[in-house]
Structure formats: C-alpha cells, structure tokens
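Notes follow once the structure below has been shown.
Order of the sequence lines sets the chain letters (A, B, ...), proteins ahead of strands, with each chain counted from 1. This is a predicted model, so every value here is computed, not measured.
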Number of protein chains: 2
Amino acid sequence: MTRRPPRPRERGIPEATVARLPLYLRALQALDERGTPTVSSEELASVAGVNSAKLRKDLSHLGSYGTRGVGYDVEYLIYQISRELGLTQDWSVAIVGVGNLGRALANYGGFGTRGFRIAALLDADPAVVGDAVAGLRVGHIDSLEEVVAREHVSIGVIATPAAAAQGVCDRFVGAGVTSVLNFAPVVLNVPDGVDVRKVDLSIELQILAFHEQRKADGRGGPEWIEALEA
Amino acid sequence: MTRRPPRPRERGIPEATVARLPLYLRALQALDERGTPTVSSEELASVAGVNSAKLRKDLSHLGSYGTRGVGYDVEYLIYQISRELGLTQDWSVAIVGVGNLGRALANYGGFGTRGFRIAALLDADPAVVGDAVAGLRVGHIDSLEEVVAREHVSIGVIATPAAAAQGVCDRFVGAGVTSVLNFAPVVLNVPDGVDVRKVDLSIELQILAFHEQRKADGRGGPEWIEALEA
DNA sequence: ACGCCCTTGTGAATGTATGCACAAAGTGGG
DNA sequence: CCCACTTTGTGCATACATTCACAAGGGCGT
Ligand SMILES: NC(=O)c1ccc[n+]([C@@H]2O[C@H](COP(=O)([O-])OP(=O)(O)OC[C@H]3O[C@@H](n4cnc5c(N)ncnc54)[C@H](O)[C@@H]3O)[C@@H](O)[C@H]2O)c1
Ligand SMILES: NC(=O)c1ccc[n+]([C@@H]2O[C@H](COP(=O)([O-])OP(=O)(O)OC[C@H]3O[C@@H](n4cnc5c(N)ncnc54)[C@H](O)[C@@H]3O)[C@@H](O)[C@H]2O)c1
C-alpha cells in the first residue's frame with residue numbers, strides 16, 4: 001500500500017473557489033503591471049473585493065504558494081492560478097449566432113488576450129453567412145461538426161435566439177464539445193459530463209429589481225444589511 | 001381567482017432562492033403561453049432544471065400558493081413571483097458606454113418585455129454622442145445626473161472600458177442610483193446599500209476552461225461527477 | 001545565533017443551501 | 001361520507017461555504 005498523506009494538490013477544488021480564481025488572477029495581473037513583486041493576502045483580498053481569510057483558504061486549495069511573514073510572489077501566483085485554470089494552453093471557441101450579441105462578442109478584444117481563440121463564427125441566416133466579422137468569415141451552421149473537428153473547438157458559445165439554442169447545443173454536444181456558454185434565455189438540457197454556464201441579463205436585472213424594491217419598501221423597517229457582491 | 005388573501009410571508013428570502021425565481025418565472029410563462037392551467041412542482045422543476053424539493057422550498061418562502069394534490073395555478077404563481085421580484089412596476093435603466101456591447105444591449109428586445117425600460121444611453125465619445133441607437137439619441141455623459149433625476153433611473157448599466165467603470169459607477173451612486181449592473185472586468189467599490197451585479201464573460205470562460213482541463217487530465221482518474229448548472 | 005514581528009495556513013465555529021422522506025391537506029370516485 | 005390517491009410544505013440530516021482566531025513558520029535586525 002502506498003502512502004495516503006503525500007498528496008501535494010489533491011483534486012477537488014470547491015466550485016465557489018474556482019469561480020473566484022479568475023478574480024484573483026485579474027487582480028494579480030493589475031499588480032504585476034504596476035511592478036508589485038509581492039502581495040499580502042490582505043492587500044490582494046482588498047483589490048479583489050473579498051475577505052482575506054477566504055482568499056487564503058481559496059489559495060490553500062492550490063497548494064502552499066505563500067511565504068509567511070512576506071506574502072505571495074505575484075508572478076509565481078499568476079502562474080500557479082493560470083495553470084490551475086487551464087490557461088497555460090489555448091482554447092478554441094466557436095460562436096454560433098452572429099447577431100447583435102454575437103458581433104459584440106466577436107469584436108471584443110479581451111478574448112484572445114486570455115488564451116481564448118475565436119476559431120469560428122457560424123449562423124443560419126444566408127444574409128449573414130459570408131460576412132466578414134472581426135477578421136473572420138461567418139460560416140454556415142451546417143458546417144458546425146466539421147468546424148469543431150478541424151479547429152479543435154472545445155468551448156461552444158450560443159448567441160442565437162432562445163428557440164434555436166437547444167438545437168445548437170445538441171449539435172455542439174454531438175460534435176464532441178463538452179463546455180458550453182449560453183447567452184440565450186433558456187435552460188439547456190445536456191448529458192452528464194457536459195458543462196453549461198449561462199449569462200443571463202434578464203435574471204441579473206430581476207435580481208437587482210428585487211433588492212431595489214426591498215430598499216424602497218422598508219422605510220422605517222429594521223436593519224437591511226445587503227449582501228453586496230462585486 | 002384570488003381565493004386566498006395574499007399573505008406576504010416574513011421578509012427574508014434566501015439569496016439563492018431570489019436568484020432562481022426569475023428562472024421559475026420564465027418557465028411558468030412558457031407554460032402559460034402553452035395554455036397550461038396548473039403545474040406540479042415536479043413538472044415545473046423539470047422545466048426549470050432544478051430539483052423539485054428545492055423548488056417547493058423556494059416557493060414556500062413566498063407563501064403557500066400551491067394546492068395539495070393538484071399543484072400550482074400557473075397564472076397566479078406568475079403574479080406572485082412577479083410581485084415578489086418587483087416586476088409589477090416598471091424600472092428605468094440607463095446604459096453608459098455605447099460601444100459594441102452597449103449597442104447590442106440597447107437593441108435587445110427582451111428588455112422592455114419584462115418591465116425594464118431603457119431610459120437613456122450615454123457616452124463620452126463626441127463621435128458617438130448624438131447617434132440614434134434603438135430609437136434613442138445617445139446623450140453626453142455629463143448629463144448623467146440630470147438624466148437620472150429626470151427619468152427616475154433606478155438601475156445603471158455600465159458598458160464602458162474597464163478604466164472608466166469606477167468613475168461612472170461613482171457618478172451613478174452620487175446621483176442616487178442604488179443598483180448597478182457592470183459588464184466591465186473590474187471590481188467596483190460602492191458604499192453600503194448599493195447593489196452591484198456583474199456579468200463577466202472572461203470569468204465564465206475561465207471556469208469552463210478549468211473543468212475542461214480537468215476532464216482531459218483525469219484519464220483513468222476516479223469519479224468525475226460534475227456539478228452542472230443551467 | 002536569537003528573538004521579534006509579520007503573515008500564512010488551517011482547525012473550529014457558524015451560517016447557508018440542498019435534498020430526502022413523510023405527514024398534512026386537498027381532490028375525486030364510489 | 002369515506003377512502004384511495006396525489007402533491008404540497010417542511011423537519012431533519014447532510015453538505016457546502018464563510019469567517020474567526022491563532023499556532024506555526026519564515027524573514028530580518030541586532
Ligand atoms: N443583445 C443582447 O444584448 C442580449 C442580451 C441578453 C440576452 N440576449 C440573448 O442572446 C441571444 C442573441 O441575441 P441577439 O440580440 O444577438 O439576437 P439577434 O437576433 O440579433 O441574433 C441572433 C442570430 O442568430 C442567428 N440564428 C438564428 N437561428 C439560428 C440557428 N438555428 N443556428 C445558427 N444561427 C441562428 C440569426 O440568424 C441571428 O443572426 C438571444 O437569445 C437573446 O435573448 C441578447
Ligand atoms: N463586447 C463584448 O462582447 C464584451 C464582452 C465582455 C466584456 N465586455 C466589456 O464591456 C465593456 C464594453 O465593451 P465594448 O466592446 O462595448 O467596448 P467599446 O470600446 O466598443 O465601447 C466602449 C464605449 O464606452 C465609451 N466610454 C469610454 N469611456 C467612457 C466614459 N468615461 N463615460 C462614458 N462612456 C465612455 C466609449 O466611447 C465607447 O463608446 C468593456 O469593459 C469590455 O471589457 C465586452
């Protein structure tokens with residue numbers, strides 16, 4: 001029997017932690033550009049807008065990359081978080097639905113700078129297919145499977161109307177894509193092993209409206225400690 | 001139809017529940033358009049993509065609006081959730097930053113249909129100010145305070161580059177806006193009582209990349225039960 | 001070499017969320 | 001009117017997340 005204790009980076013980072021790692025990464029990159037060599041958990045937490053104990057616990061899931069009495073080496077921590085997030089390799093992204101939103105996404109410069117390459121734009125509308133958008137030619141949706149295979153697409157972005165989203169998703173999954181980012185306001189059904197994340201503007205607005213209403217309601221009411229997030 | 005007197009439950013709906021209410025609302029509206037008069041927690045949960053016990057517990061925070069042995073009246077529940085979320089009134093939204101993303105948002109039809117009215121578009125670039133976008137004339141950022149007061153803006157949307165976001169946010173807050181939706185990749189600092197929600201594409205992609213990498217890594221590894229969300 | 005001071009990493013406590021399982025409550029048939 | 005059946009609403013157990021508080025560890029000045 002082999003030893004149990006020697007597990008340097010046991011697999012199993014809490015989902016809540018994973019969701020914050022990109023935040024820390026961004027804060028660290030800002031510090032790095034400013035030339036800061038090391039940073040304490042207190043400072044970094046302040047920049048990232050979280051509690052410092054939470055930050056330390058989050059980082060402790062990756063390993064012991066800090067130095068007591070000093071803090072964390074900024075560049076080293078950037079590397080470690082990048083590696084953990086899988087940003088040391090490039091990911092190919094295909095965007096389906098080149099309308100208002102799809103075009104904005106395609107023209108967004110912040111993609112490539114973080115290791116995500118827009119490999120293809122696809123649409124069903126003949127009036128759109130063939131257009132040049134952000135230096136790419138829009139392909140026809142029928143070529144999805146071919147494009148996914150050829151470009152090694154691993155992340156599919158859906159920016160079609162809601163009615164078309166499940167169909168596009170199914171084709172992505174059928175073509176072997178196991179990560180989907182969905183902008184359409186529908187719940188996508190996918191088999192186990194496929195990750196779906198959604199960006200849903202209406203939901204965000206409705207959550208804000210809920211709290212806004214509550215602020216207006218509660219005149220003279222008791223305490224209204226709002227959980228803020230940023 | 002209202003057989004039961006509207007009994008507002010004790011204030012204090014869990015944040016996780018609030019975040020799911022818009023999902024239930026959307027599912028119910030789909031059912032309503034299909035003419036379904038009542039729905040069981042099991043069915044509704046299935047459409048919304050959640051566990052049925054969770055759905056029942058969520059709804060129980062609003063009150064007892066179901067009928068045992070039957071289910072929930074679709075229209076009545078739509079009304080109750082809408083009221084709880086504050087969608088029985090209209091909310092005025094101002095969008096600052098009319099670039100790629102701001103234009104896509106302005107042209108997005110799904111706004112008005114849910115009680116959110118785009119009251120103003122503002123930008124700092126003289127080349128953009130004065131443009132007609134989605135039937136509105138783009139105003140100058142200097143008029144922010146005036147516009148917020150005149151149009152009773154209660155939700156501010158920030159779609160400027162990251163560097164400008166905190167400044168715009170401060171002006172919103174100074175003008176009395178207490179709910180902000182931020183698309184810029186920065187952590188906004190706001191005083192207590194102001195809610196900020198963010199939509200951050202890069203973070204979503206990085207989270208997907210993390211799981212994608214893990215799927216690829218774990219050949220022969222142990223179980224890989226992925227927590228899916230949709 | 002030694003001890004002081006700073007900051008990490010983590011045990012423990014607390015708070016929040018999820019999901020099971022079932023009694024209570026309502027419907028409809030006979 | 002009662003009984004069989006369905007489905008809600010919730011107590012309880014468990015899992016996950018956050019925060020506190022501090023001992024352990026490392027650098028640095030003397
Ligand atoms: N525009 C926004 O700001 C915004 C905000 C929130 C949500 N959304 C959602 O994002 C999605 C896209 O919004 P939009 O404003 O860009 O819409 P849009 O109508 O401008 O663009 C949709 C595009 O998808 C294409 N399309 C339709 N069916 C297709 C199919 N089966 N396969 C491939 N392409 C197909 C259309 O040809 C069109 O080019 C919608 O679901 C919308 O609800 C948009
Ligand atoms: N385009 C996307 O798909 C996308 C995706 C994710 C995040 N974002 C983020 O959304 C934001 C906007 O992106 P975009 O692609 O629309 O950028 P953009 O450059 O096309 O548009 C930005 C607009 O903001 C205006 N602006 C700049 N400073 C301003 C100020 N102080 N006050 C008012 N207006 C000001 C500019 O004049 C410009 O019109 C950025 O922070 C970007 O990182 C965009």
Side-chain angles (χ1 to χ4, degrees), chain A residues 5 7-21 23-24 28 36-74 76-77 80-81 207 223 225-230, chain B residues 3-4 7 9-10 12-21 23-24 28 31 36-74 76-77 80-81 207 223 225-230:
Chain A
R7 34 186 218 182
R9 303 171 270 112
E10 176 58 41
R11 297 297 177 175
I13 298 178
E15 191 56 33
T17 295
V18 173
R20 282 187 295 266
L21 289 179
L23 221 58
Y24 304 153
L28 284 163
T36 315
T38 64
V39 68
S40 71
S41 64
E42 203 71 51
E43 292 175 90
L44 182 54
S46 157
V47 176
V50 302
N51 178 298
S52 71
K54 180 151 67 179
L55 181 136
R56 287 197 301 277
K57 183 150 288 189
D58 282 343
L59 293 184
S60 77
H61 286 112
L62 314 190
S64 271
Y65 298 138
T67 306
R68 292 169 195 239
V70 176
Y72 301 89
D73 181 280
V74 171
Y76 185 53
L77 194 51
Q80 291 299 341
I81 294 180
I207 294 171
E223 81 288 74
I225 301 150
E226 289 293 335
L228 301 182
E229 44 222 294
Chain B
R3 184 143 308 201
R4 195 192 311 273
R7 185 174 64 113
R9 267 290 173 93
E10 158 106 30
I13 298 179
E15 192 56 32
T17 294
V18 173
R20 283 187 295 265
L21 289 179
L23 222 56
Y24 304 154
L28 285 163
L31 289 168
T36 314
T38 64
V39 67
S40 71
S41 63
E42 202 72 50
E43 292 174 89
L44 183 54
S46 158
V47 175
V50 302
N51 177 296
S52 71
K54 181 153 64 181
L55 181 138
R56 288 198 300 277
K57 185 153 292 189
D58 282 344
L59 294 184
S60 78
H61 286 112
L62 313 191
S64 271
Y65 297 139
T67 307
R68 291 166 194 238
V70 176
Y72 300 89
D73 182 280
V74 171
Y76 185 52
L77 194 51
Q80 290 298 342
I81 295 180
I207 294 171
E223 82 290 73
I225 301 152
E226 289 292 335
L228 302 183
E229 44 223 294

Euclidean distance, atom [atom1] of residue [X] to atom [atom2] of [N] [Å, nearest integer]:
| X | N | atom1 | atom2 | result |
| --- | --- | --- | --- | --- |
| A:L59 | C:dT10 | CG | C1' | 13 Å |
| B:D73 | C:dT27 | CG | P | 13 Å |
| A:L55 | C:dT7 | CG | C1' | 13 Å |
| B:D58 | D:dT8 | CG | C1' | 14 Å |
| A:K54 | C:dG15 | NZ | P | 16 Å |
| B:L44 | D:dT7 | CG | P | 14 Å |

*Mind running side-chain contact (heavy atoms from CB on, under 4.5 Å) on A:E15 and B:I207 for me, showing each step along the way?*
CA-CA 9 Å; A:E15 191 56 33; B:I207 294 171; 3.9 Å; yes
*Is there side-chain contact between A:V47 and A:V39, with at least one heavy-atom pair below 4.5 Å?*
no
*Residue pair A:Y24 / A:V50, side-chain heavy-atom distance below 4.5 Å*: yes
*asked:* By nearest atom, which of the nucleotides C:dA17, C:dG9, D:dT18 is closest to the B:E15 side chain?
replied: C:dA17
*Closer than 4.0 Å, any side-chain N/O of A:S41 to the OP1 or OP2 of C:dT8?*
yes
*According to a strict under-4.0 Å criterion, is A:Y72 in side-chain N/O contact with OP1 or OP2 of C:dG9?*
yes
*asked:* How would you summarise protein contacts on nucleotides 20-30 of chain D per nucleotide, using B for base, S for sugar-phosphate only and - for none, with heavy-atom distances below 4.0 Å?
replied: BB--BBSS---
*Got a second to check how far B:Y72's OH is from B:L55's CG, nearest 0.5 Å?*
6.0 Å
*Taking only residues two or more places apart in sequence or in another chain, which ones pass side-chain hydrogen bond (donor to acceptor under 3.5 Å, both in side chains) with B:S40?*
B:E43
*Determine yes or no for a side-chain-to-main-chain donor-acceptor pair under 3.5 angstrom, with B:T36 supplying the side chain and B:L31 the backbone.*
yes
